[in-house]
Amino acid sequence: MDRIKSGTRKINQMPRKALIAANWKMFKTPAEAKAFTDAFLPLVAGHDRDEIALFPSVTSLATVVEAAAGSNVAVGLQNMHFAEEGAYTGETSAAMLKAVGATHVLIGHSERRQYFNETDEVVNKKLHTALKHGIVPVVCVGEHLHERETGQTGLVLLKQLQGALHNIDSAHAHSLVIAYEPVWAIGTGRTATPEMAIEAHMIIRAELANIFDSHFAKATRILYGGSVKPENASELLGQDEIDGALVGGASLKPESFAAIVKY
Ligand code: PGA
């Protein structure tokens with residue numbers, strides 16, 4: 001592993017600072033989210049090797065932004081609508097997210113794709129909106145088990161990436177983060193081996209080079225997600241090709257998520 005002192009990874013002269021992100025899904029009231037943040041911040045105080053971000057639910061967003069103000073921990077939302085505003089009952093806009101002080105957004109998480117019919121086209125619209133508003137987008141891609149078992153992983157990743165990145169201008173997409181999350185590894189306790197994750201990340205990076213250029217591909221962070229926990233964090237995050245993690249279940253307890261951050 002090739003790390004340089006500032007905590008960034010140096011690959012062909014392109015530094016990539018890892019991002020370790022907590023996806024709390026539909027867990028935690030504002031009081032619980034505040035209790036987590038208050039307990040978590042001291043555990044990671046001064047940690048600057050990696051970027052750290054928390055993704056609470058919408059009702060806890062302002063509370064967590066306030067609790068994390070001035071710290072080394074950023075805050076984002078798990079989803080947002082692509083429209084600027086309008087008659088979209090139950091949705092949250094980019095402007096609303098930013099007004100509260102959030103800086104990041106998850107786009108196209110597999111649970112959004114699976115339960116809320118989020119298509120590659122919708123993912124693409126959301127990505128355009130996030131970039132327009134200067135919000136750091138974490139675009140999630142990944143194959144289902146039957147797709148892996150029938151040898152379609154590469155094809156699925158290419159389709160999702162091409163859909164998500166349609167008409168995106170690389171000059172305005174430097175903040176783009178991709179999260180590779182094999183659906184069969186999410187919340188199942190089944191983790192991709194480092195070799196499986198590296199292989200998928202290399203497919204993604206090659207396609208980024210194809211869609212944009214190799215300079216852009218080398219600079220883009222690709223996270224791994226799917227049953228990351230303190231016990232497997234170092235074997236996954238220790239790989240040069242893996243630029244951080246998107247963590248669900250194991251991010252719900254401060255000690256557990258801090259152990260992952262500090263793998
Ligand atoms: P998990 O979830 O860590 O619980 O598998 C990851 C995710 O859905 O982002």
Side-chain angles (χ1 to χ4, degrees), residues 18-28 32-33 36 40 50-58 60-61 64 73-80 102 104-118 122-123 126-127 130 135-145 147-148 153 156-157 160-161 164 176-194 196-197 200-201 204 221-239 242-263:
L19 169 65
I20 321 265
N23 173 13
W24 288 348
K25 310 191 180 186
M26 201 170 70
F27 292 96
K28 296 192 189 298
E32 290 164 347
F36 175 106
F40 177 67
D50 315 284
E51 278 178 33
I52 308 167
L54 304 175
F55 291 81
S57 66
V58 71
S60 296
L61 191 64
V64 176
V73 175
V75 184
L77 198 54
Q78 300 167 17
N79 176 43
M80 67 169 203
H104 293 54
V105 70
L106 299 184
I107 299 179
H109 187 278
S110 67
E111 287 151 16
R112 301 287 321 165
R113 294 178 188 257
Q114 196 170 345
Y115 305 126
F116 303 97
N117 300 323
E118 217 158 279
V122 169
V123 169
K126 291 183 175 188
L127 178 57
I135 298 165
V136 177
V138 180
V139 174
C140 306
V141 295
E143 81 286 0
H144 286 265
L145 185 58
E147 293 166 335
R148 174 163 285 272
T153 300
V156 169
L157 295 177
Q160 290 177 336
L161 281 174
L176 174 68
V177 178
I178 305 287
Y180 168 60
E181 297 208 302
V183 181
W184 49 270
I186 296 178
T188 59
R190 257 186 95 175
T191 317
T193 61
M196 284 164 135
H201 283 217
I204 292 167
R221 291 176 293 180
I222 305 176
L223 318 184
Y224 168 78
S227 298
V228 175
K229 43 190 185 244
E231 299 76 40
N232 61 23
S234 63
E235 67 166 354
L236 289 159
L237 295 171
Q239 309 296 331
I242 300 179
D243 307 315
L246 183 54
V247 188
S251 75
L252 291 170
K253 293 215 166 72
E255 304 74 25
S256 162
F257 188 51
I260 293 171
V261 168
K262 296 159 107 177
Y263 71 89

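For clarity, every value in this text was computed on a predicted model and none was experimentally measured. Atoms within a ligand are numbered from 1 in the order they appear, just like the ligands themselves. In what follows, residues are counted from 1 in the order of the sequence shown.
Inter-residue side-chain proximity for Leu19 and Asp243 is flagged as unmet; no heavy-atom pair is nearer than 4.5 Å. Side-chain contact between Glu111 and Ile186 is present, with heavy atoms from C-beta onward closer than 4.5 Å. Using a 4.5 Å cut-off on side-chain heavy atoms (C-beta onward), Trp184 and Arg190 make contact.
Under a 4.0 Å criterion applied to the non-hydrogen atoms of Ala185, ligand 1 contributes the atoms 5 (O). Those atoms of ligand 1 with a heavy atom of His109 less than 4.0 angstrom away are 7 (C), 8 (O), 9 (O). Numbered from 1 in the order shown, with element, the atoms of ligand 1 that lie under 4.0 Å from a heavy atom of Gly226 read 5 (O).
Remark: distances from the non-hydrogen atoms of Gly187 to ligand 1 include one below 4.0 Å. Within the 4.0 Å heavy-atom cutoff, Ala179 does not count among the residues contacting ligand 1. At least one heavy atom of Lys25 sits less than 4.0 Å from an atom of ligand 1. At least one heavy atom of Ser227 sits less than 4.0 Å from an atom of ligand 1.
The two atoms that bring Ala130 and Pro137 nearest to each other are CB-CB, 4.1 Å, heavy atoms only.
Looking only at protein heavy atoms, the nearest one to atom 3 (O) of ligand 1 is Gly248 N, 2.8 Å. Nearest to atom 9 (O) of ligand 1 among the protein's heavy atoms is Glu181 OE2, 2.7 Å. The protein heavy-atom contact nearest to atom 4 (O) of ligand 1 is Gly249 N, 2.8 Å.
Using cut-offs of 30° and 60° on the angle between ring planes, the pair His104 and Phe55 is perpendicular. Using the six-membered ring where Trp is involved, Tyr180 and Tyr224 have ring planes that are tilted, between 30° and 60° apart.
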inquiry  = Evaluate His109 against Glu181 for side chain to side chain donor-acceptor pair (under 3.5 Å), listing each step before the verdict.
reply    = CA-CA 8 Å; His109 187 278; Glu181 297 208 302; 3.2 Å; yes
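Of the heavy atoms in Ile186, both backbone and side-chain atoms come closer than 4.0 Å to ligand 1. Counting heavy atoms under 4.0 Å from ligand 1, residue Ala250 does not touch it at all.
The residues Arg113 and Glu118 are annotated as not salt-bridged, no charged nitrogen and carboxylate oxygen being separated by less than 4.0 angstrom.
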